[in-house]
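To keep things clear, I will list the structure first and then write my remarks on it.
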Amino acid sequence: MKNSSKLFTIGLVTSWYSSNIGVLLLNKYLLSNYGFKYPIFLTMCHMTACSLLSYIAIAWMKMVPMQTIRSRLQFMKISALSLIFCASVVSGNVSLKYLPVSFNQAIGATTPFFTAVFAYLITFKREAWLTYITLIPVVTGVIIASGGEPSFHLFGFIICIGATAARALKSVLQAILLSSEGEKLNSMNLLLYMAPIAVVFLLPATLLMEENVVGITLALARNDVKIIWYLLFNSALAYFVNLTNFLVTKHTSALTLQVLGNAKGAVAVVVSILIFRNPVSITGMLGYTLTVLGVILYSEAKKRSK
């Protein structure tokens, strides 16, 4: 029984890594290498898949009990989180048009820095001084990595910083807005409600900013039907990122999750360099390593201060 449980956990972690890294690499391939230059439409495809598959998983397959929205205020809070979530995902996808995955991941690793900043600005919550000190290598590493990045693109860098900050802001606001017992939702149910709201936000943005994208996609499909399969597979993967993240959180400890999360970014960097063959410098890799070490120290400091 213990062995089968161990194999189940290993399978879960492998699925989590595969879906996370897979969706990241496929986003990069579509937006940068394939030439599908429509990040808002791509994000809308992801959110549509998350809406449908979340409903199937919860309402039909009963993977978790369905939680209902109890008030208009709770709906407004979820809508606000959904808007920030949209901004984060769209910005992250836009940045992949300009930056290699390795550098994108290095910037993404600074999430704890933005989380600490927003937690202080919004809730006035102060961490122990040691926790703030550990954020110095997190930021310094990205500064070093930026200086040594052969494919540095200023607009891509700014957009990626924005995506990272939005991701941190969502996590801080989520902890505040959905803190009461009656309003708490598990991540599966939160996605069930956030994803369709995100589609409502993204649809007008797609129509305004990526005019005739459906017609262009269908025209592309007439020449190369693989684009439809890429979009369908990529959208399904985007849902499985959330599903496997929920399951790994449920079946492992918080410490294991932290370690796995830190290692996941490093694995994504190595795999992306092997696939896309983007040039990397020793300075850039040293900067990224320093950031990851800072994140590990930050996690340790947070754990000790509790």
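Counting only distance, with no hydrogens or angles, the side chain of Ser82 and the backbone of Ala198 share a donor-acceptor pair below 3.5 Å. No donor-acceptor distance shorter than 3.5 angstrom exists from the side chain of Thr134 to the backbone of Gly294, with no hydrogens or angles considered. For the pair Lys97 (side chain) and Tyr38 (backbone), a donor-acceptor distance under 3.5 Å is absent.
Of all non-hydrogen atoms in Phe114 and Ala168, the two that sit nearest each other are CB-CB, 3.5 Å. Here the closest heavy-atom approach between residue Ala165 and residue Phe118 is recorded as O-CE1, 3.2 Å. Taking all atoms of both residues into account, the shortest heavy-atom contact from Leu173 to Ile122 is CD2-CD1, 4.1 Å. Nearest heavy-atom pair across Pro100 and Asn278 is CB-ND2, 3.5 Å. Shown here for Glu210 and Ile40, the closest heavy-atom pair between the two residues is OE2-N, 3.0 Å. Scanning all heavy atoms of the two residues, the minimum distance from Leu26 to Phe233 falls at CD2-CD2, 3.7 Å.
In this view, Lys77 and Glu183 satisfy the salt bridge (Lys or Arg N to Asp or Glu O under 4.0 Å) rule, not counting sequence neighbours.
With hydrophobic clusters built from ILVMFWY side chains whose heavy atoms lie under 4.5 angstrom apart, Leu130 does not share a cluster with Ile136. By the criterion of side-chain heavy atoms lying less than 4.5 angstrom apart, applied directly or through intervening Ile, Leu, Val, Met, Phe, Trp or Tyr residues, Met44 is grouped together with Ile216 in one hydrophobic cluster. Under a hydrophobic-cluster definition in which Ile, Leu, Val, Met, Phe, Trp and Tyr are linked whenever side-chain heavy atoms come within less than 4.5 Å, directly or via other members, Ile159 and Ile107 are assigned to the same cluster.
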Trp60 vs Tyr55, side-chain contact (heavy atoms from CB on, under 4.5 Å): CA-CA, chis, key distance, verdict: CA-CA 7 Å; Trp60 293 0; Tyr55 186 79; 3.8 Å; yes

Test side-chain contact (heavy atoms from CB on, under 4.5 Å) on Leu202 and Val90 and set out the steps. CA-CA 9 Å; Leu202 290 166; Val90 170; 3.6 Å; yes

For Phe41 and Val214: C-alpha separation, side-chain torsions, deciding distance, then whether side-chain contact (heavy atoms from CB on, under 4.5 Å) applies. CA-CA 9 Å; Phe41 178 70; Val214 176; 4.2 Å; yes

Verify side chain to side chain donor-acceptor pair (under 3.5 Å) between Asn245 and Asn242, making sure each step is shown before the conclusion. CA-CA 5 Å; Asn245 189 53; Asn242 292 284; over 6 Å; no

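With rounding to the nearest 0.5 angstrom, the CE atom of Met188 is 11.0 Å from the CD atom of Gln67. Here Leu24 contributes atom CG and Asn234 contributes atom CG; the two are 10.0 Å apart, rounded to the nearest 0.5 Å. Separation of atoms OG (Ser32) and CG (Asn27) is listed at 11.5 Å; rounding is to 0.5 Å.
If you check the side chains of Thr164 and Thr110, you find no donor sitting under 3.5 Å from an acceptor.
Centroid-to-centroid, the aromatic rings of Tyr29 and Tyr230 come within less than 6.0 Å.
Sorted pairs that involve residues 168-225 and meet ring pair (Phe, Tyr, Trp, His ring centres under 6.0 Å), not counting sequence neighbours, are lacking altogether.
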Quick one: side chains of residues 143-158, donor-acceptor pairs under 3.5 Å with protein atoms, not counting sequence neighbours, listed by atom name and distance.
from   : atom 1 : to     : atom 2 : distance (Å)
Ser146 : OG     : Val142 : O      : 2.7
Glu149 : OE2    : Ser151 : N      : 3.0
His153 : ND1    : Phe155 : N      : 3.4
His153 : ND1    : Gly156 : N      : 3.2

